[in-house]
Amino acid sequence: MQWIRGQTIGCGSFSTVNLVVPNKKGFSQCPPPMAVKSCENINSDSLKNEKEVLDQLGFCPQIIRCFGDEYTVENDEKLYNLFLEYANKGSLADQVKKSGGNLVESDVRRYARSILEGLRFLHAKGFAHCDIKLQNILLFGNGDVKIADFGLAKRNGKEGGERWRLEIRGTPLNIAPESVNENEYDSPVDIWALGCAVVEMFTGKSAWNFKPGTNVAALLIKIGVRDELPAIPAELSEQGKDFLRKCFVKDPKNRWTAEMLLDHPFMAGDDETIAMNRCEEEASTSPKCSFEEFSVSPRLPFDFPYWVSTQSTASSQSNFQQNSSLVSSSPSYVSSPLDRIRQLACDQAPNWSVCGSWITLR
Ligand SMILES: Nc1ncnc2c1ncn2[C@@H]1O[C@H](COP(=O)(O)OP(=O)(O)OP(=O)(O)O)[C@@H](O)[C@H]1O
């Protein structure tokens with residue numbers, strides 16, 4: 001082994017992330033600062049999917065770089081390790097916390113622009129990330145902002161297959177309506193989730209009014225079936241509000257793409273224009289709907305970032321391979337959005353069993 005496992009810098013539902021300390025003997029030159037994301041080999045489908053997707057994507061300044069993988073045996077356990085460039089400023093979620101719980105609009109705009117640039121590249125390559133959230137946006141000392149955690153990423157158009165029928169990819173609060181209703185996870189889902197992330201950056205609260213203990217089926221019905229949309233913060237500039245309206249379009253075919261959103265005035269506007277617009281808005285007499293009307297939602301639903309059944313852990317194939325192999329077996333399970341929501345969140349006293357950061361639907 002040409003490296004030593006350094007301090008732990010992050011933990012996710014699938015893996016642990018450590019600093020890589022180079023073993024001097026192994027390297028002829030000083031390598032770039034690296035992080036290693038590791039998990040047990042038997043549960044490495046997601047991490048292997050991440051490697052496969054990152055390899056296919058190639059270089060993009062707004063996407064985390066992958067330097068390869070390696071197996072190790074540590075404490076008699078076979079581990080799968082993925083080497084990534086090290087983001088020395090942590091995640092955007094950390095940054096929001098450090099800034100007192102929310103960010104000023106100019107920062108929100110700057111981060112949103114970087115995320116969109118990464119998404120434009122990803123979507124043009126035919127992939128969807130499927131888990132855009134503040135914890136998966138990493139920051140660097142030189143100001144770079146990069147999308148990370150491609151464990152749930154998939155090729156557009158590929159069915160998740162039977163495995164995903166009763167499972168939700170990613171964070172439930174950022175889930176797009178078509179994923180709730182049709183089990184559809186293509187690039188528009190990342191735009192919906194970006195809208196949720198923008199609200200969260202600006203307000204410090206998740207986009208939906210969801211209190212711990214609230215009926216989950218009700219939340220899914222709200223997202224999937226009802227006309228309701230996440231609340232748009234009243235304090236945001238007009239451009240910001242309009243930007244969010246373009247993200248929160250229920251029909252994915254009419255939702256703006258990353259390419260379109262990069263041309264939106266919110267992305268182009270400079271801080272002075274925004275400040276002027278805000279003054280004009282404040283002067284207007286139109287009644288405001290305050291975001292505070294909505295009660296505080298948890299940062300993570302149920303205090304857990306993922307909501308996936310344990311069935312997924314049993315697979316020995318990578319997600320990517322599994323998704324590919326199931327393309328032809330088109331599922332006939334969706335009869336109506338409400339039927340699907342009933343499948344996802346049985347309204348007869350569902351048993352939400354909790355294990356680690358996973359929630360199992362029974
Ligand atoms: N390359 C990196 N540099 C610095 N920190 C990182 C890096 N990769 C991950 N982290 C930190 O580790 C945390 C967990 O990483 P990541 O989200 O990739 O793991 P995961 O197991 O896929 O988690 P989850 O799927 O639950 O979001 C991140 O939120 C971040 O704080």
Side-chain angles (χ1 to χ4, degrees), residues 3 5-21 31-41 43-54 57 60-69 79-98 111 115 118 129-142 144-154 167-175 185 190 193 196-197 200-201 206 299-310 312-313 318-320 354-359:
W3 56 280
R5 192 177 295 282
Q7 73 176 87
T8 302
I9 49 177
C11 283
S13 38
F14 299 107
S15 59
T16 306
V17 184
N18 292 84
L19 264 178
V20 170
V21 180
M34 278 192 285
V36 60
K37 190 169 169 183
S38 310
C39 65
E40 288 175 3
N41 186 44
N43 292 322
S44 61
D45 289 356
S46 163
L47 206 47
K48 285 175 179 162
N49 182 60
E50 179 160 5
K51 161 107 177 33
E52 204 161 336
V53 172
L54 287 172
L57 287 177
C60 167
Q62 291 82 24
I63 289 181
I64 201 85
R65 280 179 73 191
C66 173
F67 297 115
D69 59 353
L79 301 182
Y80 178 71
N81 304 289
L82 189 63
F83 298 101
L84 301 163
E85 63 183 318
Y86 169 54
N88 59 347
K89 291 285 176 188
S91 74
L92 187 46
D94 301 331
Q95 182 61 31
V96 171
K97 263 191 224 148
K98 270 189 234 153
Y111 289 124
I115 300 168
H129 183 278
C130 302
D131 197 15
I132 293 294
K133 60 181 179 182
L134 303 188
Q135 290 83 351
N136 288 339
I137 308 300
L138 299 182
L139 310 182
F140 292 73
N142 64 0
D144 280 355
V145 177
K146 304 198 182 199
I147 303 173
D149 194 359
F150 286 75
L152 297 176
K154 66 174 274 292
E167 298 174 4
I168 285 176
R169 278 175 195 257
T171 306
L173 275 181
N174 290 3
I175 193 172
Y185 290 90
D190 294 336
C196 295
E200 195 174 338
M201 277 190 267
S206 62
R299 271 189 47 71
L300 294 170
F302 334 112
D303 288 331
F304 291 93
Y306 278 93
W307 179 18
V308 192
S309 94
T310 48
S312 60
T313 59
S318 79
N319 291 349
F320 191 82
V354 174
C355 168
S357 41
W358 295 54
I359 291 186

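These numbers come from the heavy atoms of this one structure, side chains and all, not from hydrogens, waters or symmetry mates. One-based numbering, in listed order, for ligands and for the atoms of each.
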Checklist entry - Would you say D190's side chain and C130's backbone share a donor-acceptor pair under 3.5 angstrom? => result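 Yes.
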Checklist entry - Ignoring hydrogens and geometry, is there a side-chain-to-backbone donor-acceptor pair from N174 to I132 under 3.5 Å? => result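 Yes, N174 side chain to I132 backbone: donor-acceptor pair under 3.5 Å.
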Next on the checklist: Please state which option from L92, V36, L138 has its nearest heavy atom closest to atom 30 (C) of ligand 1.
Outcome noted: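 When every heavy atom of L92, V36, L138 is considered, L138 comes closest to atom 30 (C) of ligand 1.
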Checklist entry - Between the candidates K37, Q135, M34, which shows the shortest non-hydrogen contact distance to atom 29 (O) of ligand 1? => result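 Going through K37, Q135, M34 one by one, Q135 has the nearest heavy atom to atom 29 (O) of ligand 1.
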Next on the checklist: What I want to know is whether A87 and ligand 1 share at least one N or O pair that is separated by under 3.5 angstrom.
Outcome noted: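 The answer is yes, given that A87 and ligand 1 share an N or O pair closer than 3.5 Å.
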Suppose I only count heavy atoms of [X] and a 4.0 Å limit; which atoms of ligand 1 are within that range?
X	answer
I9	4 (C), 5 (N)
S13	21 (O), 23 (O), 24 (P), 25 (O), 26 (O)
G10	11 (C), 12 (O), 13 (C)
N136	17 (O), 27 (O)

Next on the checklist: With a 4.0 Å cut-off on heavy atoms, is K133 in contact with ligand 1?
Outcome noted: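 Yes, that is the case, since the closest heavy atom of the residue is under 4.0 Å from the ligand.
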Next on the checklist: Would E85 count as a contact residue for ligand 1, given that I'm defining contact as a non-hydrogen atom of the residue lying under 4.0 Å from a ligand atom?
Outcome noted: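 True for this residue.
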Item to check | K37 with D149: basic N within carboxylate O range, under 4.0 Å | outcome: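 Judged by the 4.0 Å cut-off on N to carboxylate O distance, K37 and D149 do form a salt bridge.
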Checklist entry - Side chain or backbone of S15 under 4.0 Å from ligand 1, or both, or neither, by non-hydrogen atoms? => result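 The answer is both.
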Checklist entry - side-chain contact (heavy atoms from CB on, under 4.5 Å) between Q62 and I147: does it pass, once the steps are laid out? => result CA-CA 6 Å; Q62 291 82 24; I147 303 173; 5.5 Å; no
Item to check | Polar contact flag, side-chain donor to acceptor under 3.5 angstrom, S91-D94 | outcome: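 Distance-only check passes for S91 and D94.
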Item to check | Derivation of the side-chain contact (heavy atoms from CB on, under 4.5 Å) call for Y86 and L19 | outcome: CA-CA 8 Å; Y86 169 54; L19 264 178; 3.8 Å; yes
Checklist entry - So, is the end of the K154 side chain (NZ or CZ) under 6.0 Å from the ring centre of Y185 and within 45° of the ring's axis? => result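 The answer is no; the distance or angle limit is not met.
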